[in-house]
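Reviewing the structure listed below.
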Amino acid sequence: MLLLVSTLGWPDWSIVVFYVLVLIGIGVWSLRRVKDVGGFLLGNRKLGPWMMISSTFAGGINANHPVSVAANTYVNGLSGMWLSLAYILATPIFWMWPPVLRRLRVVTMVDFFRMRYGRVMEWFNLLNAVVVAPFAFGVGIKAAAILVVAVAGTGANGAPLVGTHTAIAMIVIPTLIYTLLGGVVAAYAVDMFQSLLIVVLSFLVLPFMVWKVGGLAEVSRRVMDFNPGSWDLLGGSRGVPGIWLFWFSVSLFFSAPMVYGGGSGAARNELAARFAIVGNLGKRFCTIGWGLTGLFAVALLGAPAVSGIKPEDIFAHSCLTALPGGLRGVMVAAMLAAVMSTIAGMMLNFGGNMVNNLYKDYLVRSASPGHYLLMARVFTGGSVFLGWTVAASGLGLVHIVVIVEQISGMLGVTVLAALTWRRVTASGATAAAVSMAPLFFWGNRPVNTWPDWYRWIIIKVDALYQMAGIPTHVDLAAPGLRPEQLVQLTTPVFLGAGIGVLVVVSLLTRQHCGRSVAEFYARADTPLGQEQRLRDAGYQADTLEDMDQHNVNASETDRDVSRRLLLLDFFTWPRLVLSGRARLSDYWIDFAGIAGSLLFIALFLGGIVWSVRFF
């Protein structure tokens with residue numbers, strides 16, 4: 001076991017304190033901009049492209065990303081980057097989804113489910129938000145706390161100078177202060193400041209690791225001695241299996257509407273919502289830095305079998321071993337930036353769900369805008385203590401990442417169905433969720449606890465792979481199998497069952513409420529700036545009006561330039577164009593974005609494959 005004794009010096013702590021004071025200052029600056037719930041949760045839907053870009057870059061990078069990716073590459077080689085890099089394959093939907101959410105003019109995704117699928121799915125999604133939220137931001141807090149505890153070092157008696165709960169408090173309390181003061185405006189303004197720190201976080205330690213080892217050639221030699229396939233992005237015999245990557249990417253595709261674009265409702269117009277993708281693409285470059293940190297750690301600290309370091313601790317140990325005094329403080333501030341920017345957004349989402357979909361709808365139906373603003377702050381603040389509990393638990397980081405993505409994927413199936421197939425019904429969506437839940441639950445339990453019926457299903461899936469000549473790289477009889485290793489076997493089971501049930505039940509049932517469903521699609525088909533069309537048709541133009549008690553209208557200068565959105569007409573656009581009900585030019589922004597996305601994917605992945613030839 002590698003023992004490290006080190007402390008942060010006064011320059012390091014000065015940097016951390018200065019960083020925290022800047023965040024609180026931004027919160028105070030934002031306070032005067034928040035006068036109602038619309039301002040607190042959605043910035044009155046007036047945020048421009050720069051804030052949207054920074055929100056998806058800084059807010060989308062949780063502290064668990066560098067830690068979990070480094071842990072994965074430390075064990076599996078460069079292919080371990082796919083734990084985060086797989087998101088690049090969903091880039092086209094990241095371009096198409098945000099303007100749809102902005103046009104729906106909802107406050108939360110729970111509003112989406114209530115309007116399209118009724119109360120049962122509303123409660124299912126609200127329960128999901130309450131249960132999953134602590135895991136989602138708890139994992140980020142845990143990852144940042146690991147680094148803070150490790151870098152702070154140990155005392156003479158070997159005990160950590162900064163305990164786990166103290167490290168968690170360093171993360172939670174400043175985030176709580178600036179978020180409660182300024183809401184989404186403070187969160188996104190802080191994200192703009194934090195973006196630079198996150199870039200530093202991703203690459204700062206690498207040159208010092210190379211210097212400590214003795215040059216890139218020596219790094220490469222030691223890594224190759226550990227695993228000759230370490231530099232293979234597509235796997236290799238000891239890397240991430242291709243079939244695992246395929247099914248993990250499929251789950252990401254379905255989870256995309258649930259995990260991405262949640263802040264799109266704050267965008268001032270359609271293009272501002274779309275341009276959030278720039279921040280998302282920036283995250284892909286940072287993934288390279290995280291992956292190389294884990295890989296270089298093999299050369300710096302030794303292979304997993306000999307170092308005695310848990311993979312999830314490897315990022316922290318690399319920083320502590322390689323970075324000189326002063327820069328450790330920068331790294332701590334950068335890690336705090338990664339987690340704070342993410343949990344601020346999650347806190348606001350949690351608070352929005354509670355005040356908008358529970359408190360207003362079921363507890364206090366008619367109150368003043370000021371009252372709802374107060375309760376939004378109360379619920380937002382209370383959410384962090386749930387995440388604190390998860391962060392202090394013993395759950396592994398990689399497993400939590402997989403759990404969150406798969407749960408989101410289950411609900412994402414019903415979201416994508418609502419957008420692309422207008423025949424889908426509430427009964428179909430509910431039946432799909434109910435059928436997927438037990439299959440998902442057992443897929444994330446230890447193999448030795450599986451009931452006989454579930455084991456039989458997995459064995460049959462494995463047999464189908466063998467018949468097709470596709471290796472799963474999994475021996476179901478092997479001891480110690482972890483749920484995250486079985487994605488290629490468990491994901492097709494719950495997703496396949498859910499999609500099949502959704503289609504069959506929808507074809508056999510009717511819509512739960514014709515008017516509510518009609519309002520859903522009327523909003524989706526009405527460009528911003530034309531809200532009066534919705535009111536003339538007898539519909540509410542914006543769900544936010546329930547709490548702010550005034551009409552919400554987009555500015556004339558922010559009218560959308562797209563007449564139709566491809567995601568809403570995904571399966572029908574050829575027929576619509578041929579029948580004259582739509583023109584091909586109606587979708588030009590979507591088509592241009594998809595083409596650009598595919599080009600970026602090809603160039604980015606090709607660039608990585610070409611670059612690693614020099615190692």
Side-chain angles (χ1 to χ4, degrees), residues 26-56 59 98-112 178-192 261-276 344-357 359-360 367-380 523 526-532 534-535 539-560:
I26 292 175
V28 173
W29 167 81
S30 305
L31 178 62
R32 61 186 176 85
R33 297 172 177 266
V34 177
K35 302 183 184 304
D36 50 26
V37 175
F40 184 73
L41 296 177
L42 295 169
N44 296 122
R45 303 198 192 276
K46 297 297 183 183
L47 303 187
W50 285 110
M51 276 202 170
M52 301 308 299
I53 291 170
S54 63
S55 73
T56 53
V100 176
L101 184 59
R102 179 61 183 91
R103 280 197 188 184
L104 287 171
R105 304 163 174 90
V106 293
V107 178
T108 68
M109 283 300 294
V110 178
D111 293 331
F112 177 107
Y178 77 75
T179 304
L180 293 184
L181 286 174
V184 73
V185 175
Y188 286 9
V190 165
D191 286 349
M192 296 180 72
S264 301
R268 63 183 306 166
N269 55 32
E270 175 184 306
L271 284 178
R274 286 189 191 271
F275 270 103
M346 292 180 177
M347 286 164 55
L348 289 165
N349 183 58
F350 185 93
N353 283 323
M354 293 298 101
V355 71
N356 182 62
N357 302 111
Y359 187 79
K360 174 180 67 64
S368 67
H371 178 81
Y372 287 130
L373 174 59
L374 172 63
M375 295 311 300
R377 284 189 162 114
V378 169
F379 286 118
T380 298
R523 289 194 188 189
T526 303
L528 300 185
Q530 300 181 28
E531 285 76 17
Q532 192 57 43
L534 293 169
R535 298 189 180 97
Y539 301 128
Q540 184 184 49
D542 196 311
T543 307
L544 192 59
E545 295 172 353
D546 285 340
M547 287 186 293
D548 285 352
Q549 298 178 13
H550 63 77
N551 288 347
V552 180
N553 298 296
S555 169
E556 288 290 324
T557 59
D558 289 325
R559 284 178 178 263
D560 286 338

Problem set entry | Check: Gly38 main-chain N/O paired with Asp548 side-chain donor or acceptor under 3.5 Å | yes

Problem set entry | Shortest non-hydrogen contact from Met375 toward Val355 | CB-CG2, 3.9 Å

Problem set entry | Check: Thr108 side chain, Asn353 main-chain N or O, donor-acceptor pair, under 3.5 Å | no

For this session: List the atom of Ala272, the atom of Pro49, and the distance in Å for their closest heavy-atom pair.
Result: CB-N, 3.9 Å

For this session: Measure the CG-CZ distance between Asn553 and Arg45 for me, rounded to the nearest 0.5 Å.
Result: 11.5 Å

Exercise. Between Val110 and Asn356, is any pair of side-chain heavy atoms under 4.5 Å apart?
Worked result: no

For this session: For the pair Thr526 and Tyr539, evaluate side-chain contact (heavy atoms from CB on, under 4.5 Å) and give the outcome as yes or no after the intermediate values.
Result: CA-CA 12 Å; Thr526 303; Tyr539 301 128; over 6 Å; no

Problem set entry | Note, Lys46 side chain near Ser555 side chain (heavy atom, < 4.5 Å) | yes

Seminar exercise, completed: When rounded to the nearest 0.5 Å, the distance separating CG of Leu180 from OG1 of Thr380 is 6.5 Å

Problem set entry | Tyr372 versus Ala367, closest heavy-atom pair with distance | OH-N, 3.3 Å

Exercise. If we only count heavy atoms from C-beta on, is the Met547 to Tyr359 side-chain gap below 4.5 Å?
Worked result: no

Exercise. Ignoring hydrogens and geometry, is there a side-chain-to-backbone donor-acceptor pair from Arg523 to Gln540 under 3.5 Å?
Worked result: yes

Exercise. Hey, does the side chain of Arg377 reach the backbone of Gly351 with a donor-acceptor pair shorter than 3.5 angstrom?
Worked result: no

Exercise. CE of Met51 to OG1 of Thr56: how many Å apart, nearest 0.5 Å?
Worked result: 13.0 Å

For this session: Side-chain contact test, heavy atoms from C-beta onward, threshold under 4.5 Å: evaluate it for Gln532 versus Asn551 and give yes or no.
Result: no

Seminar exercise, completed: For Leu528 and Asn269, the nearest pair of non-hydrogen atoms, with its separation, is CD1-CA, 3.8 Å

Problem set entry | Sidechain N-carboxylate O distance under 4.0 Å for Glu270, Arg102 | no

Exercise. Counting only heavy atoms not in Phe275, do more than 12 fall under 6.0 Å of its CZ?
Worked result: no

Exercise. How long is the gap from CG on Leu374 to CZ on Phe379, to the nearest 0.5 Å?
Worked result: 10.0 Å

For this session: Look at the side chain of Glu545 and the backbone N and O of Thr543, then say whether any donor-acceptor pair between them is shorter than 3.5 Å.
Result: no

For this session: Could you tell me the separation between the CZ atom of Arg105 and the CG atom of Leu42, rounded to the nearest 0.5 Å?
Result: 13.5 Å

Exercise. Taking atom types as modelled, is there a side-chain donor on Asn44 or Asp36 under 3.5 Å from an acceptor on the other?
Worked result: yes

Exercise. Taking Arg274 for the side chain and Pro98 for the main chain, is one N or O donor matched with an acceptor at less than 3.5 Å?
Worked result: no

Exercise. Do you know which two heavy atoms are closest between Val106 and Phe112, and how far apart they sit?
Worked result: CG1-N, 4.2 Å

